[in-house]
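Order of appearance sets the numbers: ligands from 1, and atoms from 1 within every ligand. The structure presented is a predicted model; accordingly, all values stated were derived computationally and were not measured. For the numbers below, each heavy atom of this structure counts, side chains included, while hydrogens, waters and symmetry mates do not.
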Amino acid sequence: AEEPACAIHDPGAGVSDFGLDREGLRACYDRVRQTTEALCSPLEVEDYVIQSMPDASPAKWHLAHTSWFFETFVLSSWEGGLAPVDSRYGYLFNSYYNAVGERIARDRRGLLSRPTVAEVYRYRSAVDDRVREFLDRSADDELDRVRAAFILGLNHEQQHQELIVTDVKHGLAANPLKPSYRGEGGERAAAQPSDLASGPPRWVEFPGGVRPIGHDGGRFAFDNEGPRHEQLVPPFALADRPVTNREFLAFLEDGGYDRPQFWLSDGWYARSRNGWTGPLYWEREEGAWRSFTLDGLRPLGPDEPVCHVSFYEADAYARWAGARLATEAEWETAAVLSGAVVDGNFLESARFHPAAVPATTSPGSSKAPSQLFGDVWEWTQSPYTPYRGFKPAAGALGEYNGKFMCNQIILRGGSCASPRSHIRPTYRNFFPPESRWQFTGIRLAKDV
Ligand code: AVJ
Ligand code: FE
């Protein structure tokens with residue numbers, strides 16, 4: 001089916017997303033909501049309900065929470081107050097907004113056998129009806145008042161599309177039957193393990209300077225991407241591609257997981273406490289390494305970017321390799337100066353798995369880094385802290401990003417589970433350093 005035009009999804013349209021009219025908002029809304037449901041369409045009812053760990057939410061919860069977000073931040077104040085579709089749902093589907101009210105504990109979301117999956121879909125469609133009615137009938141000043149929250153709601157739902165993919169993967173991986181998300185048909189879509197015999201990564205050098213960092217606010221960006229400000233970035237080099245499974249296996253086989261000299265203290269403790277002997281989803285059987293993918297258990301692709309590693313493993317690998325992780329300012333500088341376009345292996349490609357790195361043709365230096373966008377999120381060494389001058393918005397939506405600016409690490413570039421239109425060079429993702437269930441990988445950097 002032909003997708004409706006949407007300024008958020010098709011940035012080439014040249015319409016500033018803040019200037020979207022009713023028709024534009026409606027097109028974006030329909031497209032975002034449809035994409036979420038399409039991601040869930042291969043699931044069986046039982047798949048929607050389980051919570052395989054506290055960090056992962058049931059698919060059913062994601063479907064409801066994203067609807068609750070539009071109800072709470074767009075519809076609730078319409079014409080002086082629209083009652084929610086079900087007044088009990090706020091307690092179940094509020095994620096973390098203290099200003100909005102109490103909620104069930106995050107690690108109890110998997111206990112919600114009710115509302116049923118069918119009821120959650122009816123809830124979604126009731127919210128859809130109300131949002132469309134709001135777009136048809138609201139006064140201009142009412143639409144203007146919630147336009148920013150509406151666009152935030154679209155981007156919020158895109159974040160949950162990625163979380164649906166990663167949380168479904170984690171849930172399926174917990175099952176000894178190692179089911180495929182798409183059934184047998186999915187085998188075709190996933191990349192076959194390749195053997196490109198890629199050589200060592202080449203280094204792409206960037207000059208030092210005082211660099212503008214962050215989003216200028218011209219189009220939509222999350223609040224944590226601004227304000228744009230200057231940072232001193234000394235000269236550095238970035239690897240021309242992500243670290244591959246083949247390379248990470250060399251670290252593992254060199255005893256990387258058993259040699260504390262490569263690890264941060266917190267990382268060594270996490271590795272010991274969790275019993276890590278390799279990336280999440282890796283297993284070894286009769287000498288052969290396999291990894292769990294959304295198409296089931298597959299032989300490890302040697303030239304695919306290593307994936308599902310924590311910050312601690314990324315950092316230990318970099319030290320073993322005689323390099324380091326990039327700072328987020330270096331990463332952004334490299335993306336901007338190399339003119340990398342936001343294109344690649346994203347959610348839209350429906351592979352749900354990182355693609356192999358390109359074969360190295362000649363030794364020496366390379367002009368531009370490849371796979372900066374898509375495939376795997378790249379751990380930086382930067383803590384998730386506010387940019388100079390950052391102020392969270394007043395009210396509940398101020399809780400969206402700002403209150404998490406402690407004890408988390410920045411990741412850049414998006415993954416094979418991120419919608420392409422969701423990612424920008426300034427995009428700041430963040431997770432605690434131990435997290436491994438997102439599509440997280442490694443790109444090396446060094447001083448020059
Ligand atoms: C930016 C991915 C860490 O998972 O909580 C979803 C995204 N924010 N709903 C998260 C998010 C609000 C966020 N991450
Ligand atoms: Fe959310």
Side-chain angles (χ1 to χ4, degrees), residues 32-33 36 39 51 53-74 89-90 92-101 103-107 109 120 124 127 148-170 215 220-225 308 310-311 328 346-347 376-380 382-386 390 392-393 395-419 422-424 426-440:
V32 168
R33 301 286 283 177
T36 307
L39 283 172
Q51 178 171 33
M53 65 160 170
D55 285 340
S57 298
K60 185 170 77 169
W61 187 90
H62 288 294
L63 289 171
H65 163 70
T66 48
S67 306
W68 169 86
F69 192 96
F70 280 103
E71 269 205 297
T72 305
F73 299 117
V74 175
Y89 284 2
L92 304 181
F93 302 126
N94 175 4
S95 49
Y96 56 65
Y97 301 88
N98 292 317
V100 176
R103 68 215 80 99
I104 63 155
R106 182 183 171 84
D107 61 0
R109 293 174 185 167
V120 164
R124 270 182 85 80
V127 172
F150 194 107
I151 293 168
L152 182 63
L154 297 170
N155 284 271
H156 172 251
E157 185 141 347
Q158 289 187 309
Q159 291 185 310
H160 281 274
Q161 289 166 1
E162 175 152 12
L163 295 169
I164 286 170
V165 174
T166 57
D167 295 2
V168 163
K169 181 171 182 177
H170 196 270
H215 198 271
F220 173 82
F222 286 105
D223 57 357
N224 62 10
E225 294 171 64
H308 299 298
S310 63
F311 164 76
E328 66 167 322
F346 284 108
L347 181 80
V376 289
W377 285 103
E378 299 179 6
W379 284 110
T380 72
S382 298
Y384 179 43
T385 54
F390 172 77
L397 285 176
E399 295 184 56
Y400 197 104
N401 282 315
K403 71 182 187 181
F404 300 109
M405 291 176 170
C406 173
N407 294 339
Q408 306 210 41
I409 306 286
I410 294 286
L411 300 108
R412 293 297 195 117
S415 82
C416 57
S418 317
H422 186 65
I423 299 303
R424 294 168 287 279
T426 58
Y427 195 99
R428 305 175 83 199
N429 199 3
F430 53 91
F431 278 97
E434 276 189 58
S435 304
R436 309 205 296 172
W437 92 112
Q438 299 296 302
F439 288 88
T440 47

Which residue owns the protein heavy atom closest to atom 4 (O) of ligand 1, what's the atom, and how far is it? L163 CD1, 3.6 Å
Enter the distance from F220:CZ to L152:CG here, rounded to the nearest 0.5 Å. 5.0 Å
On a heavy-atom basis, the closest approach of C416 and F439 is SG-CD2, 3.5 Å
Checking contacts now, so for atom 1 (C) of ligand 1, which I'm interested in, is there any protein heavy atom under 4.0 Å? yes
Provide the number and element of each atom of ligand 1 under 4.0 Å from a heavy atom of Y96. 8 (N), 12 (C)
d(Y384 OH, N429 CG) to nearest 0.5 Å is 9.0 Å
Heteroatom distance test (H156, ligand 1): nitrogen or oxygen, under 3.5 angstrom: yes
Is the H65-H156 ring centre distance short of 6.0 angstrom? yes
By atom name, which N, O or S atom of H156 is the nearest to the Fe ion (ligand 2)? NE2
Nearest to atom 14 (N) of ligand 1, what protein heavy atom do you find, and at what distance? N429 OD1, 3.8 Å
Among all the protein's non-hydrogen atoms, which is closest to atom 11 (C) of ligand 1, and how far away is it? Q159 OE1, 3.2 Å
Could you tell me the separation between the CG atom of L154 and the CZ atom of F70, rounded to the nearest 0.5 Å? 4.5 Å
Which atoms of ligand 1 sit under 4.0 Å from any heavy atom of F430? 1 (C), 3 (C)
Identity and distance of the protein heavy atom lying nearest atom 6 (C) of ligand 1: H160 NE2, 3.2 Å
Contact atoms of ligand 1, heavy-atom distance to Y400 under 4.0 Å: 8 (N), 12 (C)
Rounded to the nearest 10°, what angle sits at the Fe ion (ligand 2) between NE2 of H160 and NE2 of H65? 90°
F431 neighbourhood, listing ligand 1 atoms whose heavy-atom distance to it stays under 4.0 Å: 2 (C), 3 (C)
Quick check: F222 with Y400 (ring centres under 6.0 Å apart)? yes
The residue among F311, F430, Y427 that forms ring pair (Phe, Tyr, Trp, His ring centres under 6.0 Å) with W377 is Y427
Taking all atoms of both residues into account, what is the closest heavy-atom pair of Q438 and H308, and its distance? O-ND1, 2.9 Å
